[in-house]
2 protein chains.
Amino acid sequence: MSNAESILNEDKIFAALADKNRRKILELLHAGDSTLLELNKSFPISFQALGKHIKILENAHLLTKETQGKYRKLSLNREALGVSMKWIAYFSDFWNQSFDKLSQQIDHNEKHDQ
Amino acid sequence: MSNAESILNEDKIFAALADKNRRKILELLHAGDSTLLELNKSFPISFQALGKHIKILENAHLLTKETQGKYRKLSLNREALGVSMKWIAYFSDFWNQSFDKLSQQIDHNEKHDQ
DNA sequence: ATTTCGTTAAACCAAATGGTTGAATGAAAA
DNA sequence: TTTTCATTCAACCATTTGGTTTAACGAAAT
């Protein structure tokens with residue numbers, strides 16, 4: 001059994017994903033690792049506020065923080081996303097659908113709006 | 001283009017999924033349609049409070065309400081779950097993973113804890 | 001040794017959230 | 001036609017949330 005099971009918390013993860021700014025942080029980290037001040041260029045809020053969002057994502061293990069000199073390197077942890085993925089997949093009857101409906105539902109060619 | 005695209009709102013859906021009671025409502029509806037008072041037997045909160053949660057899920061189109069006499073039949077709308085599924089799948093690099101890792105991440109044989 | 005840079009901590013605030021109780025509505029049963 | 005049953009509405013409340021500003025801290029650069 002994976003150790004992640006015992007650490008990754010459904011409650012914290014779903015709560016973390018509820019905020020638009022926090023989802024945007026994950027989107028940006030998907031493109032590559034970053035830092036607080038670097039990320040802050042993409043947000044209209046203070047870096048202190050952004051720091052709080054990052055801490056929430058960190059507590060949910062959706063991102064990891066690695067100290068490098070005076071910087072903190074922020075990286076997306078895709079494993080934690082898998083927890084909510086699993087929950088949703090189960091209740092949306094993901095695996096019981098036809099391949100057509102599947103690829104229609106999850107179309108990774110289509111760009112995300114908003 | 002599907003009409004659902006224009007109706008289903010990522011913000012509302014993720015916000016709706018953030019609450020444990022609301023996720024539990026969806027879990028119960030996954031087992032079968034129900035009504036407010038019927039569902040309420042499974043919750044320690046008032047039926048009025050539960051009614052508010054149901055309204056939030058309804059606004060996010062995660063469930064539908066159908067009037068049948070004096071009852072309101074509540075049904076899970078799996079299509080809306082697909083929206084968050086889609087978002088998460090994209091950023092977790094779902095499709096780029098090996099089949100082994102995939103089936104490990106989404107294991108629908110394993111029962112959901114909590 | 002000082003200053004600058006990136007980050008974290010603390011105090012504070014308005015608005016949103018999740019709960020309560022009591023009253024109102026509308027269909028079904030008596 | 002009352003009464004009961006399922007649901008909704010409204011007022012209220014405590015806590016949480018997401019933001020602000022000011023201050024502190026530790027590593028890097030001057």
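Each chain gets a letter, A, B and so on, in the order its sequence line appears, and its residues count up from 1. Because only heavy atoms are used, hydrogens play no part in the values below, and waters and symmetry mates are left out as well, while side chains stay in.
Closest to the side chain of B:His53, from the set D:dG18, C:dG19, C:dT8, is C:dG19. Considering only side-chain atoms of B:Tyr71, the nucleotide from D:dA6, C:dG18, C:dT21 that sits closest is D:dA6. Ranking C:dG18, D:dG19, C:dG6 by closeness to the A:Lys70 side chain, first place goes to C:dG6. Among the nucleotides C:dG19, D:dG18, C:dG18, the one closest to any side-chain atom of B:Arg22 is C:dG18.
Between the side chains of A:Asn77 and A:Thr64, no donor-acceptor pair of N or O atoms lies under 3.5 Å.
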Note to self: Show, in sequence, the C-alpha distance, side-chain angles and deciding distance for B:Asp19 and B:Lys24, and conclude whether the salt bridge (charged side-chain N to carboxylate O under 4.0 Å, His left out) test is met.
What the structure shows: CA-CA 9 Å; B:Asp19 185 88; B:Lys24 187 176 175 184; over 6 Å; no
Notebook entry, point to check: What do the steps show when you test A:Leu74 against A:Ile54 for side-chain contact (heavy atoms from CB on, under 4.5 Å), and what is the final call?
Noted result: CA-CA 9 Å; A:Leu74 306 172; A:Ile54 288 173; 3.5 Å; yes
Margin query: Applying side-chain contact (heavy atoms from CB on, under 4.5 Å) to B:Glu27 and A:Trp87, what does each step give before you reach the verdict?
Written below: CA-CA 10 Å; B:Glu27 290 179 19; A:Trp87 188 92; 3.1 Å; yes
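Comparing B:Asn21 and B:Arg72 by the nucleotide of DNA chain C whose heavy atom lies nearest to each, the residue mapping closer to the 5' end is B:Asn21. Two residues, A:Phe47 and B:Lys73, neighbour DNA chain D, and the one matched to the more 5' nucleotide by heavy-atom proximity is B:Lys73. Positionally, the nearest nucleotide of DNA chain D for A:Gln48 lies more toward the 5' end than for the other of A:Gln68 and A:Gln48.
Distance, A:Ile54 CD1 to C:dT8 C1': 11 Å, rounded to whole Å. In this entry the distance linking CD of B:Glu66 with P of D:dT7 reads 13 Å, nearest Å. Atom pair B:Lys20:NZ and C:dT17:C1' shows a separation of 18 Å (rounding to whole Å applied). Following rounding to the nearest Å, B:Asn59 (CG) and D:dT8 (P) show an atom-to-atom distance of 12 Å. Residue B:Leu63 contributes atom CG, which lies 13 Å from atom P of D:dT7 at whole-angstrom precision. Straight-line distance from the CG atom of A:Leu74 to the P atom of C:dG6: 14 Å, rounded to whole Å. Atom C1' of nucleotide D:dT17 and atom CG of B:Asp19 are separated by 14 Å, given to the nearest angstrom. Nucleotide C:dT21 holds its P atom 15 Å from the CG atom of B:Leu50, rounded to whole Å.
Heavy atoms of B:Lys55 sit under 4.0 angstrom from primed sugar atoms or phosphate atoms, though from no base atom. Counting any heavy atom pair closer than 4.0 Å across all strands shown, B:Gly51 reaches no nucleic acid atom.
Residues of residues 32-45 of chain A having a heavy atom closer than 4.0 Å to DNA chain C, listed by number: A:Thr35, A:Leu36, A:Leu37.
One donor-acceptor pair, N or O on each side, does fall under 3.5 Å between the base of D:dT20 and the side chain of A:Lys52.
The heavy-atom pair separating B:Asp33 from B:Lys73 by the smallest distance is OD2-CE, 3.6 Å.
Within a 6.0 Å sphere centred on NZ of B:Lys55, heavy atoms belonging to other residues, nucleotides or ligands number 12 at most.
The aromatic rings of B:His30 and A:Tyr90 sit tilted, their planes meeting at an angle between 30° and 60°.
Considering B:Lys12, B:Arg22, B:Lys65 in turn, B:Lys65 is the only one that fulfils the salt bridge (Lys or Arg N to Asp or Glu O under 4.0 Å) rule with B:Glu58.
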